[in-house]
Every structure is written in structure tokens, then in C-alpha cells.
Amino acid sequence: MAIAREVKPKLPKPPNLNPSFIKSRIINIKYPTGWVTADELVKLANVAERYGFGYVLLFNNQNAYIPVHEEVKEIKGLGNYEVRDPGPIYPEGPITVACIGSELCPPGLIDTTSLGRKIHVHLNELKEPIRIGISGCTHDCGMSWVSDIGLEPFGFKTRILVTIGGEPGQLGFIVGTVDPNDAELTVKAILGMYSKSGIHGIREFAVKIGIDAIRGELKKQVPSFQPPDNSVINIFGPE
């Protein structure tokens with residue numbers, strides 16, 4: 001107690017615990033499939049130090065967000081970004097999420113990032129908040145099952161299991177399987193059907209058009225497409 005009495009006057013004053021809000025804006029930088037080079041990471045760190053508060057936020061949509069001072073209107077040396085007010089951030093355009101796949105991950109069976117970049121070109125043309133998830137193995141780090149369109153390896157002789165209409169609270173519908181080389185063509189065909197339908201939202205499109213109709217169209221356009229058989233059903237059981 002004697003030591004405590006001696007130390008107490010030397011302690012700093014306790015912090016103000018009243019709520020406080022940083023006056024800031026948000027820089028949103030989009031990286032299709034999440035592939036960022038070392039030089040780009042250095043740029044992000046420099047932006048955070050020069051314009052912001054020294055940190056970068058990373059989200060599972062594979063975008064990067066940097067809080068900056070509210071007076072910042074323009075960032076020099078950084079491309080493909082937007083400045084926005086802080087608050088809830090919802091997808092405002094196409095998002096392609098991919099795990100690192102066979103390029104760097106031991107269980108990876110397909111090159112997810114190169115496939116994602118090819119697919120993102122078709123997706124970007126629609127300018128809609130559609131999310132495509134691409135996984136390199138059945139761990140599903142690309143969150144294919146809860147994406148608007150999902151691609152995941154399937155089977156002993158690797159094919160791609162295609163799902164459609166996934167949401168945060170609902171798994172996507174099983175469409176069928178395709179050869180890896182036809183994955184880009186498959187997504188392009190689905191996006192083409194969706195665009196022509198005039199329906200808003202991929203899940204709504206899947207429900208109104210019907211999975212059987214989508215399968216029928218894919219059978220015409222994608223040479224390797226196969227509808228699901230018992231091997232697909234057995235993964236999940238009767239329910």
C-alpha cells in the first residue's frame with residue numbers, strides 16, 4: 001500500500017471514455033480475385049500513413065478500405081479507387097472472390113485466380129452487384145455456396161460443380177458440373193441468360209426461370225455440361 005500511494009500521483013490521467021468519432025472518409029480499392037502485388041501493398045501502406053490513420057481494413061469481399069482524413073479528395077499514385085463517406089458498405093458492383101488455388105495452396109486443384117480474372121471481364125460488363133465465388137478445393141475458401149454463382153472442384157477426375165443463387169443465409173442451387181476448361185464459358189452463358197431475362201437478382205432469376213431451364217440452355221452452349229447425378233446428391237444426403 002505504501003508503494004501504491006507513492007506511485008499513484010505519478011500515473012497519467014485516465015482516458016476519456018465518452019464516445020468519440022474520427023472525422024474521416026473511406027478509400028475503397030477493388031482487387032478482382034484479391035490478387036495484390038507487393039508494390040501495390042506498399043502503395044496502400046503509404047496511403048494509410050500519408051492520408052489516413054496508419055491502418056488498412058481488409059474484408060472478405062477482397063476489397064481494401066483505408067480510412068483517411070475527411071478533407072482528402074484525391075489520392076496521388078493510386079488507381080482504381082473511390083472516396084466515400086463512412087458507414088455500412090454494400091457491394092455496388094460486380095465482385096469476384098477467389099481463393100489462392102493451385103498456384104500456392106497444396107489442396108488446390110484449379111488455378112482460381114486466372115479463372116477469376118477471365119470471368120470478371122464478363123461480370124464487369126453488367127455493372128450489377130453480382131458476386132462470383134471460385135474455390136480451388138472442397139474447403140470452399142472462395143465461399144462458392146453462398147455466392148450468386150459458385151464454382152468448386154468436384155469428383156475424382158476433377159470437374160467444376162456449378163451452383164447459382166447463393167446468399168449469406170441460403171446455399172445456392174446445384175446446376176451441374178463442367179470441365180474446368182469450360183468454367184468461363186459456363187459463367188458467360190449464365191450471365192447472358194440472366195441479362196436477357198430482365199430479372200433483378202441472380203437468386204430471383206434462378207427461381208423464376210427454373211433450374212431445369214438453365215440446365216437445358218447450358219447443355220446447348222457448354223459441351224461438357226452434365227446435370228447433377230447421384231454422386232452429387234450423395235455429398236449432401238436426402239435433405
Side-chain angles (χ1 to χ4, degrees), residues 27-41 43-44 56-65 78-82 84 89-105 108-137 139-153 159-168 172 175 178-197 199-203 205-206 214 218 221-222 224-225:
I27 300 297
N28 178 13
I29 307 102
K30 297 180 180 181
Y31 291 107
T33 75
W35 202 251
V36 188
T37 66
D39 289 342
E40 288 170 328
L41 286 176
K43 284 183 181 179
L44 296 186
V56 177
L57 307 176
L58 301 175
F59 282 79
N60 65 4
N61 64 7
Q62 299 184 343
N63 287 4
Y65 302 94
L78 189 66
N80 191 31
Y81 73 92
E82 62 176 336
R84 56 184 299 158
I89 296 176
Y90 301 100
E92 297 174 349
I95 296 175
T96 306
V97 176
C99 69
I100 57 177
S102 60
E103 191 166 6
L104 291 172
C105 186
L109 298 173
I110 60 173
D111 185 354
T112 54
T113 51
S114 63
L115 175 60
R117 286 183 181 274
K118 292 175 184 176
I119 287 174
H120 195 76
V121 172
H122 306 297
L123 183 61
N124 209 33
E125 294 174 356
L126 296 181
K127 306 295 182 185
E128 288 192 35
I130 297 173
R131 179 188 183 116
I132 293 182
I134 308 169
S135 291
C137 75
H139 291 168
D140 201 22
C141 296
M143 298 172 285
S144 66
W145 282 94
V146 290
S147 298
D148 290 302
I149 300 174
L151 305 174
E152 175 189 280
R159 289 174 62 78
I160 302 293
L161 182 65
V162 181
T163 54
I164 187 172
E167 295 178 341
V175 178
V178 297
D179 287 342
N181 291 337
D182 283 339
E184 179 189 357
L185 176 60
T186 302
V187 173
K188 183 180 178 181
I190 292 173
L191 292 176
M193 285 183 272
Y194 171 72
S195 182
K196 289 178 181 178
S197 72
I199 300 170
H200 182 68
I202 293 290
R203 190 173 185 93
F205 160 74
I214 295 172
L218 289 179
Q221 297 189 40
V222 182
S224 66
F225 176 77

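Numbers for residues simply follow the sequence, beginning at 1.
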(message) Looking at Thr37 and Glu40, would you say the former's side chain and the latter's main chain have a donor-acceptor pair under 3.5 Å?
(response) yes

(request) Please answer whether the main-chain N or O of Gly108 pairs with a side-chain N or O of Ser102 as donor and acceptor at a distance below 3.5 Å. (result) no

Atom pair [atom1] ([X]) and [atom2] ([Y]), whose distance is rounded to the nearest 0.5 Å:
X      : Y      : atom1 : atom2 : result
Ser147 : Ile95  : OG    : CD1   : 9.5 Å
Ile27  : Leu44  : CD1   : CG    : 10.5 Å
Thr96  : Asn124 : OG1   : CG    : 8.0 Å
Met143 : Cys99  : CE    : SG    : 10.0 Å
Leu58  : Asn63  : CG    : CG    : 10.0 Å
Ile202 : Ile130 : CD1   : CD1   : 4.0 Å

Within-4.5 Å side-chain heavy-atom neighbours: [X] and [Y]:
X      : Y      : answer
Pro180 : Ile160 : yes
Pro94  : His120 : yes
Trp145 : Glu152 : yes
Val97  : Arg131 : yes
Val178 : Leu151 : no
Ile214 : Ile164 : yes

(message) Could you go through Thr163 and Val175, starting from their C-alpha distance and side-chain angles, then the distance that decides it, and tell me whether this counts as side chain to side chain contact (heavy atoms under 4.5 Å, CB included)?
(response) CA-CA 5 Å; Thr163 54; Val175 178; 5.9 Å; no

(request) Assess whether side chain to side chain contact (heavy atoms under 4.5 Å, CB included) is satisfied between Val162 and Phe225, documenting all intermediate values. (result) CA-CA 10 Å; Val162 181; Phe225 176 77; 5.9 Å; no

(request) Can you sort out the partners of Glu125 under side chain to side chain contact (heavy atoms under 4.5 Å, CB included), two or more places apart, ordered by chain and number? (result) none

(request) Show your working on salt bridge (charged side-chain N to carboxylate O under 4.0 Å, His left out) between Asp148 and Arg203 and close with a plain yes or no. (result) CA-CA 7 Å; Asp148 290 302; Arg203 190 173 185 93; over 6 Å; no

Which pairs of donor and acceptor atoms, one on a side chain in residues 182-194, lie under 3.5 Å apart (sequence neighbours left out)?
residue	atom	partner	partner atom	Å
Asp182	OD2	Ser224	N	3.4
Asp182	OD2	Ser224	OG	2.6
Glu184	OE2	His122	NE2	2.8
Thr186	OG1	Asp182	O	2.7
Tyr194	OH	Glu128	OE1	2.6
Tyr194	OH	Ile199	O	3.4
Tyr194	OH	Gly201	N	2.9

(request) Return the minimal non-hydrogen interatomic distance between Pro153 and Gly136, and the atom names on each side. (result) CG-O, 3.1 Å

(request) Determine, step by step, whether Ile119 and Ile134 satisfy the side chain to side chain contact (heavy atoms under 4.5 Å, CB included) criterion, reporting the C-alpha distance in whole Å, the side-chain angles of both residues, the deciding distance to 0.1 Å, and the verdict. (result) CA-CA 10 Å; Ile119 287 174; Ile134 308 169; 4.0 Å; yes

(message) Ser135: which residues meet the side-chain hydrogen bond (donor to acceptor under 3.5 Å, both in side chains) condition with it, sequence neighbours left out?
(response) Asp140

(request) Start with the C-alpha gap between Thr113 and Ile100, add the side-chain angles, then the distance that decides, and say whether side chain to side chain contact (heavy atoms under 4.5 Å, CB included) holds. (result) CA-CA 6 Å; Thr113 51; Ile100 57 177; 5.5 Å; no

